[in-house]
Amino acid sequence: MDASDPLALYEKRRRPPLDIYRRHRSLHGDAGHLRPNEPRVLEEWDGFTYAPAGTAADLAAAVAWVAQAEPEPGE
C-alpha cells in the first residue's frame, strides 16, 4: 500500500474477498462438486459485489471460465 496515495485504503477495500475476481455457483444452491453436469451461474467482482456474468453448461465449463486470465482491479 502506497502511503502517499490518498485513495490507497479505498482501493484496498474494493478488492474482492480472498482476491477472487471470478466465481461460479450452482443454480440449485448445492455444493459446487455436486451435480457436475448441471448449469452454473458465473459471477464477476465489480468493485463492490459479485455481479452475474453469464451461465455455464456444467462444472467443467464453469471451472474453465474461472481459470481464464482474471481481470485487473479497476477494469
Side-chain angles (χ1 to χ4, degrees):
M1 184 167 70
D2 184 8
S4 65
D5 183 7
L7 297 176
L9 289 175
Y10 173 74
E11 290 297 329
K12 183 179 178 184
R13 285 194 314 259
R14 291 195 63 198
R15 289 191 352 230
L18 303 174
D19 287 334
I20 298 172
Y21 289 90
R22 289 180 165 184
R23 69 181 188 184
H24 61 87
R25 298 283 181 237
S26 171
L27 287 176
H28 302 290
D30 292 330
H33 65 285
L34 298 176
R35 301 180 182 164
N37 296 326
E38 292 189 4
R40 299 290 195 267
V41 175
L42 306 174
E43 299 174 328
E44 284 185 311
W45 182 255
D46 67 3
F48 297 100
T49 188
Y50 286 100
T55 59
D58 56 16
L59 179 60
V63 170
W65 179 79
V66 169
Q68 289 176 355
E70 294 191 347
E72 290 296 320
E75 281 188 10

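Hydrogens, waters and symmetry mates are skipped; everything else that's a heavy atom, side chains included, is used. Because the structure is predicted, anything quoted here is derived from the model rather than measured.
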* Quick one: side-chain hydrogen bond (donor to acceptor under 3.5 Å, both in side chains) partners of Arg25, sequence neighbours excluded? ->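 With neighbours one apart ignored, the set is empty.
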With sequence neighbours left out, the residues meeting side-chain hydrogen bond (donor to acceptor under 3.5 Å, both in side chains) with Ser4 are Asp2
Taking transitive links into account, so neighbours of neighbours count too, which hydrophobic residues share a cluster with Leu27 at under 4.5 Å side-chain distance?
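So far as hydrophobic clustering goes, Leu27 is joined with Val41.
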Exercise for review: Would you check if the side chain of Arg22 reaches a backbone N or O of Ile20 as a donor-acceptor pair within less than 3.5 Å?
Suggested key: no
Taken in chain and number order and not counting sequence neighbours, the residues that satisfy side chain to side chain contact (heavy atoms under 4.5 Å, CB included) with Ala61 are Ala56, Asp58
Checklist entry - Given side chains that start at C-beta, do those of Trp65 and His24 come closer than 4.5 Å, heavy atoms only? => result no
- request: Please report the shortest heavy-atom distance between Arg40 and Ser26, naming the atom on each side.
  value: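 It is CD-CA, 3.7 Å.
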request  = Starting at CG of Leu59, measure out to CD of Glu38 and round the result to the nearest 0.5 Å.
outcome  =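 Leu59 atom CG to Glu38 atom CD measures 11.0 Å (nearest 0.5 Å).
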